[in-house]
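Heads up: the structure comes next, in structure tokens.
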Amino acid sequence: MARVPAAATALHRVRRAPRALVRRYRARRTHPVDPVVELVHQPHPWSRALGLIAVVLLGAWLGLLIVGNVRAPVGPMDTTMTLRPSLTGGTKINVSPLGALELRSHTAPLRLDVDVDQLDPVRSQALVDHPERLSGLQDEVAQDVGDGTLDLAVRSVVAVVSGATALGLAVYRRPRRALAAGGLALTLLAASGVTAFATWNPKSVLEPKFSGLLSSAPSVVGNARSIVSEFDVYQKELARLVTNVTKLYDATSTLPAYAPDPSTVRVLHVSDIHLNPASWKIIASLVKQYKINVIVDSGDTMDHGTAAENGFLDPAADLGAPYVWVRGNHDSGITQDYLERMKNVHVLDDGRAVTVAGLRFAGIGDPQFTPDRTAKLGGDQAEELAGARLASSLRDQEAAGTPVDIAVAHNPTAARQTDGDVPLVLAGHLHHQEMEVMKYGTRLRIEGSTGGSGLRAVEGKNPDPIETSILYLDRDTRRLQAWDEIKLGGLGLTTAEVSRHLPEENQPGASTTPTPSASTPSPPSTPTP
């Protein structure tokens with residue numbers, strides 16, 4: 001076999017070189033020889049922190065939800081105490097099926113829920129058989145609540161830390177991160193506890209808010225007079241709530257009767273009924289349940305003030321209490337004449353004064369009549385002039401030795417003109433509730449619509465609530481002791497929110513001289529169309 005010359009071989013290799021280089025370059029593009037280093041995106045520190053906080057909060061909430069409650073006896077009742085996440089804090093006592101009491105006991109991101117499960121028959125019967133034990137109930141209740149709260153605190157710590165740690169381990173799969181989540185949960189719970197302790201307000205039991213059956217409200221909330229007079233706030237008032245709830249559960253066919261303090265005069269303030277027939281039934285129910293002494297209506301009972309509407313007013317004479325009334329801007333002279341002829345109704349106008357249930361009232365009708373489109377309305381100037389006439393009459397009564405206790409006007413603009421001439425003035429017109437102490441010491445109470453704004457209630461997205469108030473006045477000094485704001489809702493209007501309020505001067509430890517509040521006066525009001 002002939003040998004290929006070396007020169008020919010070298011020439012052949014040179015000719016093949018470009019094609020080999022191309023194939024090699026293509027192979028390297030398809031299958032890279034050198035490893036490629038890829039950069040892994042690291043999350044931002046703020047994102048990691050937010051994620052950890054989310055895990056902690058969710059885990060803590062799950063822990064509280066699963067195991068964060070204790071069963072504890074409180075007096076004669078068996079209760080379940082639970083801590084719940086909350087933006088406002090406070091304490092909620094659920095008295096099923098009667099309703100719930102809310103107390104502004106503390107400000108923290110945790111709310112204490114106390115569910116009354118049942119009444120222990122043995123302990124309840126012992127109180128019934130031995131009423132003298134009620135005197136020691138306050139110490140027993142305070143001790144029970146303290147023991148239950150301590151047990152709940154320990155269990156909540158375990159629940160929060162365990163829940164956050166378990167969820168942290170499930171999410172991060174790293175023991176160190178899971179322990180960090182548990183530690184952060186413990187820190188947050190401790191901070192919440194310190195905040196709750198620092199903002200603890202035992203006087204919150206003086207001003208409870210009740211939500212539930214209207215018929216249960218008087219017995220659960222109790223007397224205003226006893227609340228003011230009892231000074232050992234926490235134990236006594238907590239014991240009083242427990243006693244009232246015990247009586248309610250112990251009742252068989254009917255709820256126990258509300259027995260108000262005889263030294264207190266109870267005034268039911270209504271306004272802006274606007275032809276709502278349901279209002280009369282509600283007023284009659286409140287008169288019976290709260291043993292109302294006198295009803296004050298600050299006007300707008302009608303919508304158009306026509307003679308055809310007068311029949312709507314007939315129930316006012318048979319509500320179970322005297323009815324004091326002033327004309328509103330939807331009430332006409334025809335309306336006023338009709339009411340003046342009715343038995344048990346006292347119409348106030350032009351500063352006229354009358355004594356009812358031991359209290360002296362004076363009032364003035366609204367100078368404007370909105371339904372009359374042919375007359376030009378005088379606006380706020382007309383209201384101010386009417387209020388000045390009422391104030392002049394109040395000063396005349398004072399000079400004659402018959403000072404007025406409560407003045408009544410429909411429009412708050414008129415009512416404000418009496419500042420300094422009367423302790424308390426009542427008004428309506430705005431369809432929402434307000435209370436303030438004006439510059440010269442007169443307290444102005446503006447009532448909401450006891451008719452739920454009448455036919456206008458359905459114009460908005462949600463129907464307006466029916467609002468009214470019960471004012472508690474001392475029978476001797478005739479000064480305001482407390483007031484309950486009542487809001488009714490629901491299809492059958494059978495549920496209610498009852499919020500107890502105390503004037504600043506009646507708070508335990510406060511001076512007896514009322515001081516004007518820092519409330520900002522409402523802007524000038526205009527008559528409703």
Side-chain angles (χ1 to χ4, degrees), residues 32 34-74 77-94 96 100-118 143-201 204:
D34 298 330
V36 178
V37 179
E38 295 183 0
L39 297 178
V40 178
H41 176 70
Q42 296 294 329
H44 193 277
W46 285 107
S47 300
R48 293 167 59 186
L50 291 176
L52 180 61
I53 292 175
V55 168
V56 169
L57 294 178
L58 181 59
W61 176 74
L62 290 174
L64 287 176
L65 190 64
I66 296 173
V67 295
N69 61 75
V70 297
R71 293 182 61 85
V74 177
M77 302 180 302
D78 293 327
T79 69
T80 300
M81 298 184 178
T82 311
L83 284 180
R84 300 291 188 197
S86 171
L87 295 177
T88 57
T91 300
K92 186 174 183 180
I93 305 173
N94 297 301
S96 178
L101 279 170
E102 297 181 29
L103 310 175
R104 296 188 294 270
S105 57
H106 63 276
T107 302
L110 291 174
R111 185 187 74 197
L112 174 62
D113 283 2
V114 181
D115 295 324
V116 179
D117 298 326
Q118 63 181 2
Q143 181 66 35
D144 290 343
V145 171
D147 294 342
T149 303
L150 180 61
D151 190 7
L152 178 63
V154 173
R155 182 171 297 217
S156 298
V157 168
V158 175
V160 165
V161 174
S162 301
T165 303
L167 186 61
L169 188 62
V171 172
Y172 297 113
R173 301 181 183 277
R174 295 179 182 178
R176 181 176 296 180
R177 298 295 295 274
L179 292 175
L184 181 58
L186 180 60
T187 303
L188 292 176
L189 183 62
S192 300
V194 170
T195 303
F197 180 79
T199 59
W200 171 245
N201 176 27
S204 61

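Residue numbers start at 1 and run along the sequence shown.
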In this structure, OG of Ser156 is separated from CZ of Arg84 (nearest 0.5 Å) by 10.0 Å
I need the minimum non-hydrogen distance between Val160 and Ala60, along with the two atoms involved.
CG1-CB, 3.7 Å
Hey, could you give me the CG/CZ distance between Asn69 and Arg155, rounded to the nearest 0.5 Å?
6.5 Å
Looking only at non-hydrogen atoms, find the nearest pair between Ala164 and Ala185 and report the distance.
CB-CB, 3.5 Å
Measuring from Leu103:CG to Ile93:CD1, what's the distance to the nearest 0.5 Å?
5.0 Å
Taking His106 as the fixed residue, which of Thr91, Thr195, Asn201 is the one that meets the side-chain contact (heavy atoms from CB on, under 4.5 Å) rule?
Thr91
Any heavy-atom pair between the side chains of Val55 and Arg177 that's under 4.5 Å?
no
Mind listing the closest non-hydrogen atom pair of Ser86 and Arg111 along with its distance?
CB-CB, 3.6 Å
Can you confirm whether Leu188 sits close enough to Leu57 that some side-chain heavy atom of one is under 4.5 Å from a side-chain heavy atom of the other?
yes
Nearest heavy-atom neighbours spanning Gly168 and Ala181:
CA-CB, 4.5 Å
Any luck finding a side-chain donor-acceptor pair between Thr199 and Thr107 under 3.5 Å?
no
Minimal non-hydrogen separation, Ala72 against Gly148, with atom names
CB-CA, 4.1 Å
Taking the side chain as every heavy atom from C-beta outward, state whether Leu58 and Leu62 have any atom pair closer than 4.5 Å.
yes
Any side-chain heavy atom of Leu189 within less than 4.5 Å of one from Leu110?
yes
Return the CE to CG distance between Met81 and Asp144, rounded to the nearest 0.5 Å.
8.0 Å
Criterion side chain to side chain contact (heavy atoms under 4.5 Å, CB included) on Leu186 and Val157, from CA distance to verdict
CA-CA 7 Å; Leu186 180 60; Val157 168; 3.8 Å; yes
Would you say that Leu152 contacts Leu112 through its side chain, given a criterion of any heavy-atom pair below 4.5 Å between the two side chains?
yes
Side chain proximity check, Pro73 to Asp78, heavy atoms < 4.5 angstrom
yes
Just by distance, do the side chain of Thr165 and the backbone of Leu179 share a donor-acceptor pair under 3.5 Å?
no
In short, Trp61 meets Pro85 closest at the heavy-atom pair CD1-CG, 3.3 Å
